[in-house]
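Below is one structure; the comments refer to it alone.
Within every chain, numbering begins at 1; the chains are lettered A, B, ... in the order of the sequence lines, protein sequences first and strands thereafter. The structure displayed is predicted, hence computed values, not measured ones. Computed from heavy atoms alone, side chains included, the values below leave out hydrogens, waters and symmetry copies.
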Amino acid sequence: MRPLIRELVASGVVGEAAEAQGWVRSVRHSKGVSFIDLVDGSSMAGIQVVANPELPGYEEVVRKLGTGCAIEVQGALTESPGKGQRVELAATSIDLIGGVEDDYPLQKKRHGFEFLRTIAHLRPRTNTLAAVFRVRNEAAAAIHEFFRENGFVWLHAPIITSSDAEGAGEMFRVSTFEPGSAPKTEAGETDWSQDFFGRETHLTVSGQLEAEIGALSMSRVYTFGPTFRAENSNTARHLAEFWMVEPELAFCDLDGLAELCESFLKHVLGRILERCSEDMDFFDQRIDKGVRARIEHVVSSPFERMTYTEAISRLEQADRDFEFPVSWGVDLQSEHERHLTEEVVGRPLVVTDYPESIKAFYMYRNDDGKTVRALDVLVPRIGEIVGGSQREHREGVLRERMAASDLDPERYWWYLDLRRHGSVPHAGFGLGFERVVQFVTGMANIRDVIPFPRVPGSAEF
RNA sequence: UCCCCGGUAGCUCAGCUGGUAGAGCAAGCGGCUGUUAACCGCUGGGUCGCAGGUUCGAGUCCUGCCCGGGGAGCCA
């Protein structure tokens with residue numbers, strides 16, 4: 001394969017023959033020379049192609065090039081006399097591979113992200129979206145890398161599931177029944193036993209329960225894949241389809257989990273700073289001033305720890321009014337979380353041991369009988385970025401909790417079975433992948449950090 | 001789902017207390033000896049989201065609907 005433009009720009013040798021293929025970002029003509037800014041998506045910086053009027057086809061091809069045209073250039077790398085680039089490509093031939101029509105919507109100026117979402121098939125050609133997707137790719141790679149280096153097995157949790165992780169939200173139904181003509185039982189209800197899987201099935205809302213199966217056999221596993229929520233939530237932080245990372249460890253308690261969260265986040269963010277430096281400069285300058293320092297701060301600061309009970313008393317002492325009043329037993333709102341991480345400690349904060357009443361049934365009950373071993377990792381500006389818990393591995397307590405939550409033990413027979421045979425303390429957390437990408441890039445809307453966003457009322461592309 | 005804000009040229013927007021629609025960029029044409037989102041000149045381009053209403057007259061005021069954005073809740 002020929003070098004990408006990124007490689008030519010970074011390490012191309014002056015004087016050597018070179019070729020480049022890509023899309024024209026902008027063209028600047030003057031009487032005796034034309035400059036073409038050519039990009040191929042491999043880096044923020046493109047290569048400057050210099051075309052002289054003596055070039056074959058200059059009038060017919062080069063003078064007619066516009067933003068978006070796909071071309072192939074042969075030539076030689078030369079030292080650039082102009083500012084802004086180390087080398088440039090002095091063309092000896094330029095071939096038009098694919099032209100653009102007059103209504104090509106992308107221009108060499110900035111567009112609103114709202115408009116770009118309506119042309120999701122073309123928006124990765126913009127600086128910003130290409131940079132986002134490069135960072136997204138490095139983040140995914142860094143996640144796999146961290147887990148591999150630490151002995152975790154990537155467990156492929158099912159997308160179609162018949163279990164529902166309680167409290168995780170509304171689900172999308174999976175069925176082959178034709179709308180309106182589903183078979184009915186004698187009682188007049190839909191007869192799911194005749195459906196494709198012989199029962200009700202949905203798209204997964206979490207791979208956690210399956211991950212627990214993995215942890216209780218392979219010690220350390222993680223899931224990383226698409227997850228679905230049919231919630232009608234219309235915000236800059238929610239998607240109906242998103243990617244979730246869920247590690248699960250056997251022989252691990254809440255302290256061990258907190259340590260994992262910290263080293264995991266530091267690894268992933270650190271790798272992005274290292275490997276996407278040019279893109280991070282762009283985000284820092286053009287998208288969210290200060291984002292780079294914020295990420296560096298998370299990578300270099302030890303995370304603070306605090307129990308929920310302590311957090312509540314710190315909030316009660318706070319010299320400010322909250323929209324939602326604080327008292328022991330209420331769930332923390334985003335304003336509370338941000339106050340804690342930004343004002344009280346000024347760095348990432350792990351809040352632990354929440355009231356049992358506001359957390360899920362599968363979280364380990366503390367000896368005090370009123371709190372559970374749950375944790376949230378809070379970071380400045382975003383608030384909660386990770387949520388996790390030590391799991392209830394004692395069958396008796398788990399049954400009690402399920403009964404209190406009005407859950408049918410029959411449906412969770414295999415989950416309970418794990419507590420009957422070789423049960424051990426185990427713990428895990430869940431992390432919304434797009435939220436991490438949002439956090440590191442500073443992008444304001446989650447719809448702009450995933451190539452094809454699915455949200456209520458919208459699934460084009 | 002709730003609360004706010006918005007919808008004017010292909011894009012980004014301006015358009016005051018109602019008087020018959022404008023800029024920059026893009027597109028087309030021309031110019032300019034090396035540019036950096038180049039620059040300069042000319043040209044074309046609009047059922048002002050949709051439907052009603054008030055008025056001599058509505059982009060502007062009123063009502064309803066549709067779509068989008070921001071915030072909140074829920075959460076990841």
Side-chain angles (χ1 to χ4, degrees), chain A residues 24-39 45-53 63-64 66-68 78-85 88 90 100-119 122-123 126-127 165 167-170 204-208 223-224 226-246 286 323-324 331-335 337 358-360 376-377 382-388 429-439 444-450 455-458:
Chain A
V24 173
R25 183 188 276 158
S26 74
V27 198
R28 297 176 290 274
H29 301 290
S30 57
K31 185 150 193 171
V33 65
S34 293
F35 298 95
I36 303 163
D37 195 5
L38 190 68
V39 297
I47 191 158
Q48 174 158 281
V49 175
V50 185
N52 290 302
R63 289 305 288 205
K64 297 197 163 94
T67 300
T78 58
E79 200 171 324
S80 178
K83 286 182 183 169
Q85 58 279 318
E88 59 191 24
V100 297
E101 304 286 325
D102 288 351
D103 61 350
Y104 183 67
L106 293 175
Q107 301 168 19
K108 53 192 173 192
K109 61 162 198 157
R110 300 186 74 159
H111 293 88
F113 291 120
E114 184 185 342
F115 167 66
L116 292 176
R117 275 172 224 146
T118 68
I119 49 167
L122 295 172
R123 70 175 185 163
T126 62
N127 287 341
E170 292 297 310
T204 183
V205 292
S206 167
Q208 181 198 315
T223 69
F224 185 8
T227 308
F228 308 85
R229 303 280 166 89
E231 297 285 356
N232 185 19
S233 52
N234 229 304
T235 80
R237 291 177 256 58
H238 291 85
L239 292 164
E241 176 181 307
F242 63 100
W243 284 55
M244 189 149 66
V245 180
E246 294 174 292
R286 307 290 283 269
E323 191 186 339
F324 294 88
D331 208 353
L332 298 179
Q333 304 294 326
S334 357
E335 58 171 345
E337 294 176 341
I358 59 172
K359 291 291 181 181
D376 281 349
V377 179
I382 296 284
E384 179 188 339
I385 192 164
V386 169
F429 68 74
L431 167 91
F433 181 57
E434 283 75 17
R435 297 235 175 125
V436 174
V437 180
Q438 255 191 297
F439 182 55
N445 197 308
I446 200 165
R447 298 168 194 201
D448 301 321
V449 300
I450 186 167
V455 295
S458 170

So which nucleotide does [N] pair with, by the Watson-Crick or G-U wobble rule with both distances under 3.5 Å?
N: B:C67; value: B:G6
N: B:G19; value: B:C56
N: B:C32; value: none
N: B:U47; value: none

Would one find a side-chain N or O of [X] under 4.0 angstrom from OP1 or OP2 of [N]?
X: A:Ser30; N: B:G34; result: yes
X: A:Ser26; N: B:A38; result: yes
X: A:Gln85; N: B:U35; result: no
X: A:Lys108; N: B:U36; result: no
X: A:Arg237; N: B:G73; result: no
X: A:Arg28; N: B:A38; result: yes
X: A:Ser334; N: B:G73; result: yes
X: A:Gln333; N: B:G73; result: yes

Side chain of [X], heavy atoms from C-beta onward: which of [options] has the nearest atom to it?
X: A:His238; options: B:C75, B:G69, B:U36; result: B:C75
X: A:Ala236; options: B:G71, B:C74, B:U36; result: B:G71
X: A:Phe35; options: B:C74, B:U35, B:G69; result: B:U35
X: A:Arg447; options: B:C75, B:G69, B:C32; result: B:G69
X: A:Phe324; options: B:A72, B:A37, B:A27; result: B:A72

[X] near the nucleic acid: base, sugar-phosphate alone, or nothing, with a heavy-atom cut-off under 4.0 Å?
X: A:Leu239; result: base
X: A:Phe115; result: sugar-phosphate
X: A:His111; result: sugar-phosphate

TODO: Determine, stepwise, if the pair A:Glu241 / A:Thr227 fulfils side-chain hydrogen bond (donor to acceptor under 3.5 Å, both in side chains).
DONE: CA-CA 6 Å; A:Glu241 176 181 307; A:Thr227 308; over 6 Å; no
Can you give me the N/O atom pairs linking the protein to nucleotides 43-47 of chain B at distances under 3.5 Å, or say none if there are none?
none

Hey, what are the protein-to-nucleotides 49-51 of chain B N/O distances that come in under 3.5 Å?
none

Task: Rounded interatomic separation in angstrom, taking CD from A:Glu101 and P from B:G10 - done: 17 Å
What pairs of nitrogen or oxygen atoms, one from the protein and one from nucleotides 1-9 of chain B, lie under 3.5 Å apart?
{"residue": "B:U1", "atom": "OP1", "partner": "A:Asn232", "partner atom": "ND2", "Å": "2.6"}
{"residue": "B:U1", "atom": "O4", "partner": "A:Asn234", "partner atom": "N", "Å": "3.3"}

Task: Of A:Ser458 and A:Gly432, the one whose closest RNA chain B nucleotide lies more 5' - done: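 Nearest-nucleotide comparison on RNA chain B picks A:Ser458.
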TODO: Could you check A:Pro81 against A:Gln107 and say which one's nearest nucleotide on RNA chain B is further toward the 5' end?
DONE: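 The answer here is A:Gln107.
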